[in-house]
Number of protein chains: 2
Amino acid sequence: MADSTSQSSPTCDVDGTCYCPLTGIINTLSRKYAMQLISIIGAHESMRFAEIEAHLSKASTSTISKRLSEFENAGIVTRTQYDEIPPRVEYALTEEGYAVRERLEPLLEWAATRSDTIVQ
Amino acid sequence: MADSTSQSSPTCDVDGTCYCPLTGIINTLSRKYAMQLISIIGAHESMRFAEIEAHLSKASTSTISKRLSEFENAGIVTRTQYDEIPPRVEYALTEEGYAVRERLEPLLEWAATRSDTIVQ
DNA sequence: CTCTATTGCTTTGGACTCCACAGTATAAAC
DNA sequence: GTTTATACTGTGGAGTCCAAAGCAATAGAG
């Protein structure tokens with residue numbers, strides 16, 4: 001990238017590293033329950049809405065709904081709708097979604113062993 | 001943990017996995033710029049406030065300030081204050097902070113190669 | 001025909017979070 | 001007296017999160 005002798009940007013890119021470009025998927029993951037949701041969905045081949053809710057009962061319906069459509073926009077989750085009554089919708093990780101989950105899992109597993117994880 | 005034959009909780013812990021306990025450090029990381037900040041600080045031995053700002057100019061001063069005190073509370077960053085004029089404060093990762101960063105780096109590096117990373 | 005059950009959401013209003021921008025404190029240099 | 005330097009905190013407005021209720025559609029029970 002840039003070397004430390006050249007000054008290109010006024011504030012960022014100070015010594016060759018600028019984190020500003022990290023706005024895409026990291027922004028999507030930097031929201032409440034986003035990482036947990038990716039992990040949960042990836043632990044199953046596909047999941048229905050109520051099933052996802054059951055695995056993360058602390059998150060509100062509306063938040064889960066929002067996260068899922070953000071994931072869809074980011075291309076890490078697919079939504080498949082079956083026109084039945086009662087309705088059936090299935091969510092699954094895309095290939096990119098699995099790539100995220102793969103890199104997320106070490107963090108989540110380590111976090112689960114921490115003392116500050118609040119149980120229920 | 002629990003086996004799938006026993007039903008303990010009404011909604012969570014459906015098939016032996018409940019993500020609700022993941023509230024500690026993951027909550028701290030699930031905020032805007034939190035992951036980037038850990039990465040930035042960990043790339044240096046210690047950093048001053050203005051220096052951190054320079055590496056992440058998209059984040060507001062108040063947000064960086066909040067993130068830093070959340071990190072301090074979570075025990076992943078130390079704040080060292082030198083009583084000089086003008087004031088000098090140094091931030092550095094703790095051992096736990098480095099443990100987080102270690103598990104965060106693969107994700108951030110992969111994210112940086114994605115097409116949806118917005119430049120500037 | 002009305003009532004209930006089922007699923008996957010959306011809506012609502014109130015609390016909390018993020019932003020840009022301005023202000024605070026201190027003392028030395030000019 | 002004004003400027004400079006650093007590390008923040010405060011403010012008001014926009015956006016985000018929550019619990020709880022509501023909606024749409026139809027099958028089956030009574």
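Below, read A as the first sequence line, B as the second, and so on, with proteins coming before strands; counting in each chain starts at 1.
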Would you mind reading off the distance between B:Y33 atom OH and C:dC18 atom P, rounded to a whole angstrom? 10 Å
Can you name the closest pair of heavy atoms from B:Q81 and B:V89 and give their distance? CG-CG2, 4.2 Å
If each of A:P86 and A:S30 is mapped to the nucleotide of DNA chain D with the nearest heavy atom, which maps nearer the 5' terminus, i.e. the 5' end? A:S30
In whole angstroms, how far is the P atom of D:dT11 from the NZ atom of B:K66? 13 Å
Give A:Y91 one of three labels, base, sugar-phosphate or nothing, depending on what nucleic acid heavy atoms sit under 4.0 Å from its own. sugar-phosphate
Of all the choices, D:dA25, D:dG10, C:dT26, which nucleotide is nearest to the side chain of B:S62 once you look at every atom? D:dG10
Nearest-Å distance for atom pair CG/C1', residues A:D83 and C:dT7: 13 Å
Derivation of the side-chain contact (heavy atoms from CB on, under 4.5 Å) call for B:K32 and A:N27: CA-CA 7 Å; B:K32 217 166 180 188; A:N27 253 11; 4.1 Å; yes
Specify the separation, in whole Å, of atom CD1 of A:I64 and atom C1' of D:dT16. 15 Å
Tell me the interatomic distance from B:I85, atom CD1, to D:dA5, atom C1', rounded to whole angstroms. 10 Å
What integer distance in Å separates B:E84:CD from D:dT4:C1'? 16 Å
Considering only side-chain heavy atoms of B:R31, which listed nucleotide, C:dG8, D:dA7, C:dT17, is closest? C:dT17
Should B:R88 be listed as having a side-chain N or O under 4.0 Å from OP1 or OP2 of D:dA7? no
Under 4.0 Å from OP1 or OP2 of C:dC18: is there any side-chain N or O of B:R67 that close? yes
Which of the following nucleotides, D:dC8, C:dT10, D:dT6, is nearest to the side chain of A:S65? C:dT10
Measuring to OP1 and OP2 of D:dA7, would you say a side-chain N or O of B:R48 lies under 4.0 angstrom away? yes
Which nucleotide sits closest to the side chain of A:T61: C:dC9, D:dC17, D:dC8? C:dC9
Sole candidate of A:H55, A:E105, A:E109 that passes side chain to side chain donor-acceptor pair (under 3.5 Å) when paired with A:S39: A:E105
Side chain of B:A50 (C-beta onward), nearest among D:dA7, C:dT7, D:dA19: D:dA7
Exam field: side chain A:S30 to backbone A:I26, donor-acceptor pair closer than 3.5 Å: yes
Return the value, rounded to whole Å, for the distance between atom CD1 of A:I52 and atom P of C:dG8. 9 Å
Side-chain atoms of B:V89 come closest, of D:dA7, D:dA19, D:dC17, to D:dA7
Donor-acceptor pair, distance only, cut-off 3.5 Å: does the side chain of B:S69 make one with the backbone of B:K66? yes
Rounded to whole angstroms, how far apart are CZ on A:R79 and P on C:dT7? 16 Å
